[in-house]
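Here's the structure, in structure tokens; my notes come after.
On a predicted model such as this, the values are computed, not experimentally measured, just so you know. The analysis underlying the following values was restricted to heavy atoms, covering all of them including side chains, and did not include hydrogens, waters or symmetry mates. Throughout, a chain's letter reflects where its sequence line sits, starting with A, and its residues are numbered from 1.
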Number of protein chains: 2
Amino acid sequence: MAGQGPAELVLIAAVARRHYLQDRSKVEIAEELGISRFKVARLLDAAREMGLVRIEIVRQGTLDLDVSAQLQERFGLTHAVVVDTPDRDATTVRQQLGEAAAHLVEEVVTADDVLGLPWSRNVYAVVSALNRLAPAEVVQLSGAIALPDFDSSAVDIVRRAARLSGGRSHVFYAPFVLDDAASADAVRRQPPVAEGLARARSVTVAIVGVGQWAPGESTIHDLLSAAEQAELAELGVIGEVAGVFFDRDGKVCRPSVADRLVTVDEDALCGIPEVVAVVSGAAKEEAVRAALRGGLVQSLVTDAELARALLARS
Amino acid sequence: MAGQGPAELVLIAAVARRHYLQDRSKVEIAEELGISRFKVARLLDAAREMGLVRIEIVRQGTLDLDVSAQLQERFGLTHAVVVDTPDRDATTVRQQLGEAAAHLVEEVVTADDVLGLPWSRNVYAVVSALNRLAPAEVVQLSGAIALPDFDSSAVDIVRRAARLSGGRSHVFYAPFVLDDAASADAVRRQPPVAEGLARARSVTVAIVGVGQWAPGESTIHDLLSAAEQAELAELGVIGEVAGVFFDRDGKVCRPSVADRLVTVDEDALCGIPEVVAVVSGAAKEEAVRAALRGGLVQSLVTDAELARALLARS
DNA sequence: CATTGGCTTGCTCAGATGAGCGGCGAGTGG
DNA sequence: CCACTCGCCGCTCATCTGAGCAAGCCAATG
């Protein structure tokens with residue numbers, strides 16, 4: 001089977017050149033080289049078999065399309081975008097992820113869609129990078145968390161998106177996490193909040209971050225006491241999306257802590273047909289894998305590191 | 001025409017992956033992705049147009065098959081083999097060239113062929129690297145030159161080849177270059193020499209070196225006096241093959257110096273259907289180009305340097 | 001010398017593919 | 001509001017291509 005001598009090898013290369021590089025038809029090549037088209041086909045098979053032809057999907061700017069497509073195929077995603085930055089700096093990665101996701105949103109969201117946005121640093125990065133948006137309605141999906149180095153509320157995010165789209169926006173001012181269930185209940189009962197959260201049921205596209213239940217990998221995790229962190233971990237919580245917790249299988253959990261959050265309820269979240277997760281870092285592999293398994297998210301915008309981690313196993 | 005958003009790009013990549021990497025049919029891909037086969041075809045066109053798919057012919061060991069095939073095509077050669085060595089050392093290159101050419105000869109020469117071998121360092125390298133050979137007849141095409149650092153006669157070359165083939169050999173002992181035409185004539189009239197050279201007319205495959213008419217690029221050139229070197233250069237001689245001189249167009253010249261050589265005559269050389277030149281070094285570009293132009297050689301075994309030089313212009 | 005087995009070659013026919021065409025809808029200017 | 005243009009889409013038909021098959025070839029073997 002090994003094309004023995006150099007003459008044979010060069011013939012194979014000649015055929016491969018003509019077919020792949022100059023893409024001529026096999027019949028044409030056969031006529032030119034004075035061999036049968038079957039022989040041409042067999043030489044081409046041989047060429048591929050012995051690895052003589054190398055085909056690769058080239059990166060486009062910062063997008064690794066090849067890995068994107070693999071990710072999309074492997075997990076049956078609606079959309080997958082993998083950003084490959086040489087830079088490992090978290091802020092840079094977040095920004096590039098935001099740009100990529102923004103382009104995706106610009107492309108995918110139509111006037112008929114209702115866009116849902118929870119509070120999240122990654123979601124903020126996406127909306128910041130947005131340049132235009134179809135005139136879709138924009139809905140706030142959660143309250144906000146004030147972070148020392150981060151000065152945008154959930155409202156800002158929604159407002160900016162709505163301003164770009166020219167569509168209607170539905171906002172409310174509320175904290176994401178409260179001290180106790182009663183307070184949260186009270187906040188949720190306020191008309192703007194109740195109304196806003198009710199609109200979550202009409203959302204058709206949501207952009208979310210994914211938190212993994214580990215220090216530094218979920219803003220909510222880091223806001224809770226060590227006891228609470230451990231309690232949820234014991235319940236099997238592996239991650240959260242917009243304050244909705246889930247376990248290793250992606251099954252939604254409802255720990256008591258959930259009562260203290262002002263955010264979309266789990267049924268509404270699960271009812272959104274297209275949830276786009278914007279996530280980076282191999283550390284979040286488990287949470288993302290679970291969210292995918294449970295069908296909580298349909299699309300991914302990630303960095304190369306996380307994408308490779310997801311593809312490596314299973 | 002530019003596939004705008006990332007979703008489109010990833011779709012194109014997904015299609016390209018499936019088609020080129022997993023080679024599935026377009027119909028199949030269309031069904032899987034829920035688009036028409038025409039769209040698949042158009043996406044693939046787009047992918048190639050925007051350079052998203054990269055195809056290359058990979059090197060096989062020391063052989064650069066891609067360049068080989070290009071050379072073969074460009075100059076209409078019967079065979080072309082390009083050896084790409086990282087090493088630039090002349091001896092190493094000669095040896096590797098010899099091995100490649102030897103493999104070619106092993107593959108190409110059949111029992112029906114008559115193999116013609118002139119004296120030449122490169123031809124010696126080829127025969128040294130030969131391991132087996134079809135039982136072809138072997139014919140000596142020229143006398144020999146004694147070189148200080150090179151201890152093989154034309155006879156040795158022929159004998160070794162004949163021993164490997166098991167076929168008949170036709171040898172004669174004679175110098176390649178004599179002091180004057182009369183001496184050369186006398187040598188040529190000796191029965192073994194006359195008989196041997198007459199057999200050149202029946203040769204079907206010859207392996208030759210190519211000399212360029214410049215210092216250090218042709219053993220014959222370097223053996224002559226400065227006056228003779230200049231005389232031939234003025235006659236337009238650009239190179240020689242087995243002691244047959246030719247000009248820039250590859251047209252055979254017959255300067256008076258030719259009368260002093262004991263070698264195949266030009267008609268016999270031109271009558272050989274398959275002359276394989278084993279040459280290396282960009283310095284010989286002109287001579288090789290001329291030899292090709294004049295149809296003196298039909299096949300080439302070269303190093304990457306010379307091959308690239310030949311392909312670069314014209 | 002005949003046989004056999006492995007391998008290569010070219011053929012048939014059904015299914016895949018490409019080129020060109022007409023239809024449809026979105027955007028645009030009157 | 002309508003006509004126009006432009007780009008995208010899917011269709012038809014002729015061509016190309018792949019899978020499987022049978023004939024020829026070579027070499028090793030009885």
Side-chain angles (χ1 to χ4, degrees), chain A residues 1-50 52-53 55 106-113 132-136 165-167, chain B residues 1-50 52-53 55 106-113 131-136 164-167:
Chain A
M1 181 47 63
Q4 342 221 10
E8 175 83 359
L9 284 172
V10 173
L11 175 62
I12 293 177
V15 169
R17 259 196 84 69
R18 274 158 238 251
H19 186 70
Y20 287 112
L21 266 32
Q22 308 171 352
D23 53 303
R24 323 235 244 110
S25 90
K26 303 185 184 182
V27 175
E28 211 176 344
I29 297 168
E31 280 165 5
E32 183 179 337
L33 300 184
I35 53 184
S36 79
R37 69 185 184 85
F38 306 99
K39 176 137 189 157
V40 171
R42 283 177 186 126
L43 290 174
L44 283 171
D45 288 349
R48 301 207 60 172
E49 220 171 288
M50 68 178 76
L52 200 142
V53 201
I55 305 182
E106 288 169 6
E107 185 182 6
V108 160
V109 171
T110 70
D112 298 332
D113 281 313
R132 57 191 174 72
L133 190 60
S165 86
Chain B
M1 183 46 64
Q4 339 222 9
E8 176 82 0
L9 284 173
V10 173
L11 175 61
I12 293 177
V15 169
R17 258 196 85 69
R18 274 160 239 248
H19 187 69
Y20 287 111
L21 268 32
Q22 307 171 351
D23 55 303
R24 323 238 243 111
S25 91
K26 302 184 184 182
V27 174
E28 210 176 346
I29 297 168
E31 279 165 4
E32 182 178 339
L33 300 183
I35 54 185
S36 78
R37 70 184 182 87
F38 306 99
K39 177 135 192 157
V40 171
R42 283 178 187 123
L43 291 174
L44 283 172
D45 288 347
R48 301 208 60 172
E49 220 171 287
M50 69 177 74
L52 200 142
V53 208
I55 306 182
E106 288 169 6
E107 185 183 5
V108 160
V109 171
T110 70
D112 297 332
D113 281 313
N131 290 315
R132 56 189 175 76
L133 190 59
L164 284 168
S165 83

Whole-Å distance, Glu28(B) CD to dG15(C) C1', equals 12 Å
Looking only at dG10(C), dG18(D), dA16(C), the nucleotide nearest the Ala41(A) side chain is dG18(D)
Testing dC21(D), dT12(C), dC9(D) for proximity to the side chain of Phe38(A), the answer is dT12(C)
* Asked: Does Ser25(B) place a side-chain N or O at less than 4.0 Å from the phosphate oxygens OP1/OP2 of dT17(C)?
  -> yes
Nearest-nucleotide check on DNA chain D, Arg42(A) vs Arg24(A); residue mapping nearer the 5' end is Arg24(A)
Atom CG of Leu43(A) and atom P of dG10(C) are separated, to the nearest Å, by 11 Å
In whole angstroms, the gap separating P of dC16(D) from CD of Glu31(A) amounts to 8 Å
*Salt bridge present between Arg37(B) and Glu31(B) (N-O < 4.0 angstrom)*: no
Between CD1 of Ile29(A) and P of dT17(D) the distance, given in whole Å, is 8 Å
Whole-Å distance, Glu32(A) CD to dC16(D) C1', equals 17 Å
Between His19(B) and the options Ile29(B), Val40(B), Leu43(B), the side chain to side chain contact (heavy atoms under 4.5 Å, CB included) test singles out Ile29(B)
Can you tell me if Ser36(A) touches the phosphate of dT9(C), counting only side-chain N or O atoms and a distance under 4.0 Å to OP1 or OP2?
no
Closest of dT17(D), dT9(C), dG18(C) to the Arg37(B) side chain is dG18(C)
Whole-Å distance, Lys39(A) NZ to dA19(D) P, equals 19 Å
Whether Glu106(A) side chain and Leu133(A) backbone form a donor-acceptor pair below 3.5 Å
no
From NE2 of His19(B) across to C1' of dT17(D) the rounded distance in Å is 12 Å
Does Val15(A) reach the side chain of Lys26(A), with side-chain heavy atoms less than 4.5 Å apart? no
Q.
Under 4.0 Å from OP1 or OP2 of dG18(D): is there any side-chain N or O of Lys26(A) that close?
A. yes
